[in-house]
Number of protein chains: 2
Amino acid sequence: MKATVTITLKQGVLDPQGKAIEHALTGLGFDGVGEARQGKVIALTLDESDEAAARAAVEAMCKQLLANPVMEDYEIALTP
Amino acid sequence: MKATVTITLKQGVLDPQGKAIEHALTGLGFDGVGEARQGKVIALTLDESDEAAARAAVEAMCKQLLANPVMEDYEIALTP
């Protein structure tokens with residue numbers, strides 16, 4: 001089973017990388033870009049084939065290592 | 001219109017961050033994790049409301065700034 005974890009900064013948390021992207025896009029002549037926010041995506045290959053068990057395991061991985069729940073939100077997508 | 005750009009390293013390109021995640025997960029006792037790969041996700045807010053024009057603009061942004069087409073693949077998802 002494959003898991004894709006998308007980790008984004010919570011709304012309201014300052015995102016300097018996103019700001020840099022905004023400025024660079026404007027500098028390159030791309031008008032009409034409002035906000036830009038950058039996050040991470042982590043793709044995992046899991047031996048587990050049961051969806052509920054896989055989700056629970058990835059949830060635990062997020063809490064313990066992959067995300068910082070104080071500042072970041074995460075979303076887990078599973079595909080067989 | 002909102003655009004989400006997911007940028008991942010091409011298959012075969014060494015991913016040290018992914019390797020570090022694999023090792024850390026194993027070290028924390030998560031067995032059954034095969035490969036881990038890390039990528040970036042960039043969320044943009046665009047003034048453009050036409051989907052085709054927005055896709056073309058984001059495509060150009062990816063080629064010029066957001067992604068490195070030599071080493072990275074990108075995927076664009078648009079939502080109104």
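Only heavy atoms go into these numbers, but all of them, side chains included; no hydrogens, no water, no symmetry mates. A, B, ... follow the sequence lines: proteins, then strands. Residue 1 opens every chain.
The residue among A/Ile7, A/Leu66, A/Val33 with the most heavy atom pairs within less than 4.5 Å of chain B is A/Val33. If you tally non-hydrogen atom pairs under 4.5 Å between each of A/Gly34, A/Ala60, A/Gly39, A/Gly18 and chain B, the highest count goes to A/Gly39. Chosen from A/Ala57, A/Ala36, A/Ala43, the residue pairing most often with chain B at heavy-atom distances under 4.5 Å is A/Ala43. Of the listed residues (B/Ile42, B/Val5, B/Leu46), the one with the most heavy-atom contacts under 4.5 Å to chain A is B/Ile42.
In terms of heavy-atom proximity, B/Leu25 sits nearest to A/Leu65 at CD2-CD2, 3.7 Å.
If you take CE on B/Met61 and CD1 on A/Ile21, they are separated by 11.0 Å, rounding to the nearest 0.5 Å.
In this structure, chain B has no heavy atom under 4.5 Å from any part of A/Ala3.
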Determine which donor-acceptor pairs between chain A and chain B fall under 3.5 Å and list them with their distances.
from    : atom 1 : to      : atom 2 : distance (Å)
A/Gly32 : O      : B/Asp47 : N      : 2.8
A/Gly34 : N      : B/Thr45 : O      : 2.6
A/Glu35 : O      : B/Thr45 : N      : 2.9
A/Glu35 : O      : B/Thr45 : OG1    : 3.4
A/Arg37 : N      : B/Ala43 : O      : 2.9
A/Arg37 : O      : B/Ala43 : N      : 2.8
A/Gly39 : N      : B/Val41 : O      : 2.6
A/Gly39 : O      : B/Val41 : N      : 3.0
A/Val41 : N      : B/Gly39 : O      : 3.0
A/Val41 : O      : B/Gly39 : N      : 2.7
A/Ala43 : N      : B/Arg37 : O      : 2.8
A/Ala43 : O      : B/Arg37 : N      : 2.9
A/Thr45 : N      : B/Glu35 : O      : 2.9
A/Thr45 : O      : B/Gly34 : N      : 2.6
A/Thr45 : OG1    : B/Glu35 : O      : 3.4
A/Asp47 : N      : B/Gly32 : O      : 2.8

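Applying the under-4.5 Å side-chain rule to Ile, Leu, Val, Met, Phe, Trp and Tyr, the cluster around B/Leu9 extends to B/Val13, B/Val70, B/Met71.
At a threshold of 4.5 Å between side-chain heavy atoms, the hydrophobic network of Ile, Leu, Val, Met, Phe, Trp and Tyr places B/Leu44 and A/Phe30 in one connected group.
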